[in-house]
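Working notes, structure below.
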Amino acid sequence: MNYVGRFAPSPSGPLHAGSLVAALASWLDARAHDGRWLLRMEDVDTPRTVAGAADTIMAQLTALGLRWDGDVMWQSRRNVAYQAACDSLAARGLVYGCGCTRREIADSALRGPAAAPGADGERPYPGTCRHGLPPGRQARAWRVRIPEGIEHFEDRWLGPQEQDVARAVGDFALRRADGLWAYQLAVVVDDAEQGVTDVVRGADLLSSTARQRVLGRLLELPPVRYLHVPLILDPASGLKLSKQNGAPALSLDAPLDALQGAWRALGFDPIAADSPDSFLSVATARWARRFP
Ligand code: GLU
């Protein structure tokens, strides 16, 4: 079987208990399928990148025994590839410049029929500039024309999923008003470049998956399988554990305890092990039985 998985952290801070769950699940799925597990630093959003965070993440993964294969891919070095993907869509008339400000998008969404924000609080783009920039306006962002229709896919953990991307999200940005390439474009282009067959990541990204599939198809890239793992919530606030919510960095003092905690968070029974490597080999076998 030709399995390629990946872990794609944003180096805006060190790994915490929540990101470890995604890292462990994707590592286990790759090893359970005799696959490769690649590491990609998603530093495309340069203002959010924190100096030293990528090194810390790599040191944390190493201490946990989560070894990656091959060279690390850095999104900050991939401008040429993102531009080429955007150009290929533009050559087919699938990209347009958008002069709307955030404020205008929020206001027109309130007036339009699709007023309700999506699950992640995002409002769909109402299509204001789809047929050309209003007179006197300059393009700020570059958007992709999303075809009508419902996107269906099977999630290996959550089962059948669907989203009407055109209605729920609208024509989304490939290049943002601040000039940065959008995460959605970068992730699709990079997964294809790295030959990724299986994306295993946290359920906070489930709402991005349908649009990534649509974009991948427009770019004529091979489809990818998905498995989204449950998020860990902070017991005190009930919010997702995340850097933004102040989740503490994962300590390197007790890697085995950290692995056991992430494993329990994935809903598995504890494993008797005395080192990260012995834990990981038992966990791989159990994962393989659950997700063949
Ligand atoms: N860089 C994203 C994050 O850290 C993950 C992207 C992905 O796995 O597709 O949330």
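Just follow the structure's listing: the first ligand is 1, and inside any ligand the first atom is 1. This structure is a prediction, so every number in the text was calculated from the model and none was measured.
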Using heavy atoms and a strict 4.0 Å limit, residues surrounding ligand 1 turn out to be R6, A8, P9, S10, E42, Y183, V187, R201, L205
I would like to know whether R78 and E193 meet side-chain contact (heavy atoms from CB on, under 4.5 Å); could you show each step before the answer? CA-CA 10 Å; R78 302 259 310 136; E193 171 69 26; 3.5 Å; yes
Those residues at least two apart in sequence (or on a different chain) that pass ring-ring contact (aromatic ring centres under 6.0 Å, His included) with W74 are none
Please list all pairs meeting salt bridge (Lys or Arg N to Asp or Glu O under 4.0 Å) that have one or both residues in residues 247-258, counting only residues at least two apart or in different chains. none
If Ile, Leu, Val, Met, Phe, Trp and Tyr residues are connected whenever their side-chain heavy atoms lie under 4.5 Å apart, and connections chain through other members, are M58 and L259 in the same group? yes
Do Q184 and S208 come close enough that some side-chain heavy atom pair is under 4.5 Å? yes
What's in the same ILVMFWY side-chain cluster as V196, cut-off under 4.5 Å, chained through other members? V4, L38, V199, V224, Y226
